Amino acid sequence: MLEVTALPLAELRRRSSEKWREYPADVLPLFVAETDFPLAPEVSNALRRAVELGDTGYIASRTPLPDTYAAFVRRRFGWEADPTRMRTTADVSMGIVEILRRVTQPGERVVVTPPVYPPFFDLVSEAGAEVERVPLIDTGMGWELDLDGVRAAFEDGATAILLCNPHNPTGTVHSRDALAALAEIADEFGAAVVSDEIHAPLAQPGTGFTPFLDTGEAAERVGYAVVSASKAFNLAGLKCALMVTASDSTSAVVRGLPIEVEWRTGQFGLLAAVAAFSEESDEWLDGLLATLDANRVLLEDLLASKLPGARYRMPDAGYLAWIDLSALGWGDNPARRILKEAKVALHFGPAFGEQGRGFVRLNFGTSPEIITEAIERIATLVDR
């Protein structure tokens, strides 16, 4: 297996992206969802060729990305997606907003499932709808969709749900049965399901990740998936996502979007996504998953030994750890104290909803050395 290791800290600090420019150099940045690994070789080669050719114009009206993505999900998830039912846009957030604008009316309610990716609240508002919160259920062993709560919201008039699959920040891979049940409920009430599956390529082997649209005919009728290579391959700045459908009616909605929605796709983003989702990049992705697996175990060990009051469940997917620090008595937003006194930047838990009080989100898509130093810095606060 290809070994994928993070760049040295000195090199990372030469980067100009948000992760490495938001805070001073004495802060370890483990907040925003960027990773510290070199690009996959196929992606680097594709971008290098484009620069050498000056291939920096508009994206073409026909590109290989839908076929490449369909082949990717066939290999990785066993899903037979139809490439003729896909369309690109700039990023997952834009795809979500554009779809919500067309499946909801102004003022209608859209279900979100906190704790959840903070922009979800703003994306619903941007689309002209209102947020209906149906929190995940904490079972004591993990997190699950509150299907009874979703049903009640639809009965009360909500017209869509914005799903996070895999879930950010908990790293939960929703089960096939839960997704199929959600699809049946939505179908019963004529509601739409918009599934953000940006973290799907990062599902650990054996977790049984299921694309929402692959759960049955009900999901095909009600569902829209928005996907990207940006999280797994660290391509957020290049701007490319796919809106995916599986029925005539939902495909018509996406085909009916203005051409500008598609033309906002970045040319470099599209070229990089084709390279990322190609079979030639599978070995790199497998190596990345192995590295992240080791990192999530390392984090568990560090927390147990140095911050025993922390409550952490290893995520099934991604490189984001959702950590409950409420037992340490550091207040509703412990990341503030951690940033000020330990010089480690974590994502503020309350930004993910009321359920995030006392929590932090930590990005472990980096080196073991940085993870270790971050937890050691935080641990010094315990006795202060």
Side-chain angles (χ1 to χ4, degrees), residues 14-21 32-35 37-75 81-102 119 123 126-127 194 196-198 200-201 224-245 250-282 284-285:
R14 294 168 55 197
R15 289 183 172 180
S16 61
S17 61
E18 170 71 0
K19 183 175 184 181
W20 296 100
R21 286 295 177 266
V32 71
E34 298 180 23
T35 58
F37 306 103
L39 292 178
E42 288 297 317
V43 172
S44 293
N45 291 338
L47 294 173
R48 190 177 298 110
R49 286 193 299 269
V51 171
E52 290 171 352
L53 289 171
D55 189 9
T56 54
Y58 295 107
I59 65 161
S61 58
R62 291 179 298 277
T63 78
L65 183 54
D67 287 309
T68 303
Y69 181 72
F72 176 83
V73 295
R74 184 183 306 116
R75 292 193 311 275
D82 184 349
T84 69
R85 299 187 185 277
M86 303 179 191
R87 195 174 183 191
T88 67
T89 190
D91 54 38
V92 165
S93 292
M94 180 174 289
I96 288 169
V97 170
E98 294 297 337
I99 292 169
L100 284 178
R101 281 175 174 161
R102 283 151 184 84
L123 298 178
E126 184 181 346
V194 182
D196 173 352
E197 301 187 358
I198 198 169
Y224 303 81
V226 193
V227 303
S228 176
S230 62
K231 286 294 181 283
F233 292 87
N234 206 41
L235 306 175
L238 299 185
K239 296 301 179 185
C240 180
L242 272 171
M243 299 171 287
V244 185
T245 54
T250 54
S251 296
V253 170
V254 172
R255 283 198 305 270
L257 296 174
I259 188 63
E260 290 295 339
V261 173
E262 188 166 348
W263 277 354
R264 290 172 187 144
T265 308
Q267 169 73 340
F268 276 9
L270 190 139
L271 295 172
V274 171
F277 287 133
S278 70
E279 191 168 3
E280 288 74 18
S281 288
D282 280 0
W284 183 91
L285 181 57

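Fair warning: this is a prediction, and the values are worked out from it, not measured in the lab. Heavy atoms only: backbone and side chains are in, while hydrogens, waters and symmetry mates are out. Position 1 is the first residue of the sequence; numbering continues from there.
- Of the possible donor and acceptor atoms, one in the side chain of R87 sits under 3.5 Å from a partner among the backbone N and O of L257.
- Atom CZ of R62 sits in a sparse spot, with 12 or fewer heavy atoms from other residues, nucleotides or ligands closer than 6.0 Å.
- Here the closest heavy-atom approach between residue A232 and residue P201 is recorded as CB-CB, 3.8 Å.
- Residues T63 and V274 have side chains not in contact (no heavy-atom distance under 4.5 Å, counting atoms from C-beta outward).
- What you find for A33 and K231 is that their closest heavy atoms are CB-CE, 3.5 Å.
- Taking CG from L285 and CD from E280, the interatomic distance works out to 13.5 Å, rounded to the nearest 0.5 Å.
- Counting heavy atoms from C-beta outward, V226 and D196 have side chains that stay 4.5 Å or more apart.
- Side-chain atoms of S228 never come within 3.5 Å of backbone atoms of I198 as a donor-acceptor pair (strictly under, hydrogens ignored).
- Side-chain contact check for W20 versus S17: some heavy-atom pair is nearer than 4.5 Å.
- Contact check for E262 versus I59: side-chain heavy atoms found under the 4.5 Å cut-off.
- For the pair S281 (side chain) and F277 (backbone), a donor-acceptor distance under 3.5 Å is absent.
- For T265 against C240, the heavy-atom pair with the smallest separation is CG2-SG, 3.8 Å.
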Using a 3.5 Å cut-off and no angle test, enumerate the donor-acceptor pairs between side-chain atoms of residues 37-52 and protein atoms at least two apart in sequence or in another chain.
from, atom 1, to, atom 2, distance (Å)
N45, OD1, R48, NH1, 2.8
N45, ND2, P41, O, 3.2

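- Across M86 and A81, no two heavy atoms sit closer than the pair CE-CB, 3.7 Å.
- Using modelled atom types and a 3.5 Å distance limit, the side chains of D91 and S93 yield no donor-acceptor pair.
- Taking CD of Q267 as the start and OH of Y58 as the end, the distance is 12.0 Å to the nearest 0.5 Å.
- A parallel orientation is assigned to the rings of F233 and W284, their planes being inclined by less than 30° (bins at 30° and 60°).
- E34 and N234 form no side-chain donor-acceptor contact under 3.5 Å, judged by distance and modelled atom types alone.
- Interatomic distance, CZ of R264 versus CD1 of I259, reported as 11.0 Å (0.5 Å rounding).
- Under the 4.5 Å side-chain criterion, counting only non-hydrogen atoms from C-beta, E126 is in contact with L123.
- By the 4.5 Å heavy-atom criterion applied to side chains, Y224 and V244 are not counted as neighbours.
- Using a 4.5 Å cut-off on side-chain heavy atoms (C-beta onward), L235 and L238 make contact.
- No hydrogens or angles considered: a donor-acceptor pair under 3.5 Å links the side chains of S251 and R85.
- Contact check for M243 versus V261: side-chain heavy atoms found under the 4.5 Å cut-off.
- Once rounded to the nearest 0.5 Å, the distance linking OG1 of T68 with CD of E279 reads 11.0 Å.
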